[in-house]
Amino acid sequence: MRENVYKWTAIKRLTFSLLIVSIYILGSNLAFPGISTQFYINLLHNSPGLSLAFGATGLSLEHISLFTIGLSPWMSTLILWQVLSVTKIITSENLTIAQSYRIKFILCLFLGIIQSLGILSQVSFIDNHSTTYVVSIVLILIAGMCIIIWLGNMNVQYGVGGSTLLIMINIIKNLSHSIVNTHILTLFYSENIFVKVVTLFFIFFILFIIFRFFQGERRLPLVHVMLDGKYASQSYLPISINLAGGMPFMYAFSIMLFPQYIVSLMGQLIDTKDLYNQLLIDHALGGTLLIVIIILLTYGFSYINIDYKTLADNFKKSGDYFVNVYPGKNTERYIFHRTTEVATVVAIFNSLTIGLPLVFAGLMNQKTDVVYLIPTIIMIMLLMQGICTQFHQTYYRNSYQTFLKD
């Protein structure tokens, strides 16, 4: 009976998430009349990598809609909050949950206004527009951002995947547009059947290798004082290869877009066209900054997901230990170094995942959109893996067999 309860709970959460997705898609198609986004359409055509960046932050610039600015301001706020907390500029430990959320929300509103103004500075209005009209559009965009944050929070409580689900849907939507409107489909128009087969095999092989890589984990042998026999010898602390998941990509793209918005606003006063172009991710400066940010975020999210200080303290209290490692600070340093080693491998892998397409994009010129297909699918796979894991944890919660026999 209890097994069925958990399964029905998982199905209810999945159904609720589908409702959230429906609302998100509906809001994304509520376009404002009289606003032309031809600048962004041309930009996406000339810089296909931006489609990946926009999708990873929830941006939708084919038209200006209620949910155009997506979750980018909120994601940037969370990163900024972590920086402020680590540097002790804000002592988050002395704040209640409500106070912390209120401050983060105010920061998000500020960043949302900057992003809205930056986006509107590059669009053209079909009719003459007044300042009041622009302000009203900004307020509506900010309201849409607040709705998306609320939808994400509701999905955390009653659905599956949280805000990540909305990001994944936006990436899939942008990918479908890229496939239809770019050179990707031309790969399969070739009359040579061998070219088609080799292309498909290569794509699926690379994706399979990457997927298997992220499913791996490093196991640190651990001595549990409460276990004996064969179970004691099989005890370990797992450090997943996919510690950070798709978070470094999502947040890195969000951080990269804000300098572009600021430069766009400065363009109303001075000529910043060259600087704006250099900040695009398919240019040397923008691509280098993106890779550096991805590497730093990979380390950051790895240390957040493996709280080595708390683990070391818990092991000391329970009496569990690693062989040849003293409890306390030595255990803390041991877990930290092992986590750093895993994070370093993943950081190199993530930087290559984005860096290689950027290099090939500079060499292929006319078909740069093709090289972003694999990293886009990788992001979808990573996000989907996390969502599926969360669903399975609820669905199969009471389906495990007893491993300790009477």
Side-chain angles (χ1 to χ4, degrees), residues 24-77 80 105-151 166-167 170 173-174 177 181 253-281 283 286:
Y24 177 73
I25 294 176
L26 176 63
S28 299
N29 287 280
L30 294 178
F32 299 133
I35 301 178
S36 173
T37 58
Q38 191 60 43
F39 170 82
Y40 290 109
I41 295 175
N42 295 335
L43 188 63
L44 289 173
H45 181 74
N46 297 325
S47 302
L50 280 179
S51 179
L52 176 60
F54 290 164
T57 57
L59 275 172
S60 179
L61 295 177
E62 293 85 5
H63 50 252
I64 303 298
S65 66
L66 178 63
F67 293 159
T68 282
I69 62 177
L71 285 168
S72 180
W74 182 244
M75 296 164 63
S76 299
T77 298
L80 179 60
F105 195 76
I106 293 173
L107 287 174
C108 180
L109 291 177
F110 175 73
L111 296 179
I113 292 173
I114 295 177
Q115 180 169 336
S116 300
L117 293 174
I119 291 174
L120 293 179
S121 67
Q122 299 294 344
V123 302
S124 57
F125 296 87
I126 296 177
D127 298 325
N128 293 330
H129 63 283
S130 62
T131 303
T132 303
Y133 179 72
V134 174
V135 171
S136 64
I137 294 297
V138 171
L139 292 177
I140 294 175
L141 292 177
I142 296 298
M145 177 196 70
C146 296
I147 293 174
I148 294 180
I149 295 174
W150 177 77
L151 290 175
L166 303 180
I167 296 293
N170 199 60
K173 184 181 69 173
N174 284 6
H177 289 162
N181 299 323
F253 285 124
S254 177
I255 293 173
M256 276 297 301
L257 289 176
F258 263 95
Q260 298 177 23
Y261 298 136
I262 295 175
V263 171
S264 295
L265 291 175
M266 293 171 56
Q268 305 296 318
L269 303 175
I270 58 176
D271 184 13
T272 58
K273 183 177 180 180
D274 290 338
L275 179 58
Y276 183 88
N277 290 333
Q278 289 301 317
L279 288 174
L280 298 177
I281 63 174
H283 286 69

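What you see is a predicted model; the values in this text were computed from it and never measured.
Scored by the side-chain contact (heavy atoms from CB on, under 4.5 Å) test, Ser28 finds Tyr24, Phe67, Lys173 as partners (sequence neighbours excluded). Qualifying side-chain hydrogen bond (donor to acceptor under 3.5 Å, both in side chains) partners for Thr68, counting only residues two or more places apart in sequence or in other chains: Ser65. Under the rule for a side-chain contact (heavy atoms from CB on, under 4.5 Å), Leu26 has no partner lying at least two apart in sequence or in another chain. For Ile25, the side-chain contact (heavy atoms from CB on, under 4.5 Å) partners at least two apart in sequence or on another chain are Val21, Asn29, Ile169.
Remark: the backbone N or O of Pro73 is not paired with any side-chain donor or acceptor of Ser76 at under 3.5 angstrom.
Taken to the nearest 0.5 Å, the CD1 atom of Ile113 stands 9.5 Å off from the CD1 atom of Ile69. A distance of 5.0 Å separates CD1 in Ile147 from CG in Leu66, rounded to the nearest 0.5 Å. The CG atom of Leu166 sits 11.0 Å away from the CD1 atom of Ile149 when rounded to the nearest 0.5 Å.
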Pairs under 3.5 angstrom only: tabulate donor-acceptor contacts from the side chains of residues 136-146 to other protein residues two or more places apart or in another chain.
unit_1	atom_1	unit_2	atom_2	d
Ser136	OG	Thr132	O	3.4
Ser136	OG	Tyr133	O	2.5

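With a 4.5 Å cut-off on side-chain heavy atoms, Ile167 and Met75 count as touching.
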Quiz prompt | From CA spacing to verdict: side-chain contact (heavy atoms from CB on, under 4.5 Å), Leu109, Phe105 | solution = CA-CA 6 Å; Leu109 291 177; Phe105 195 76; 3.9 Å; yes
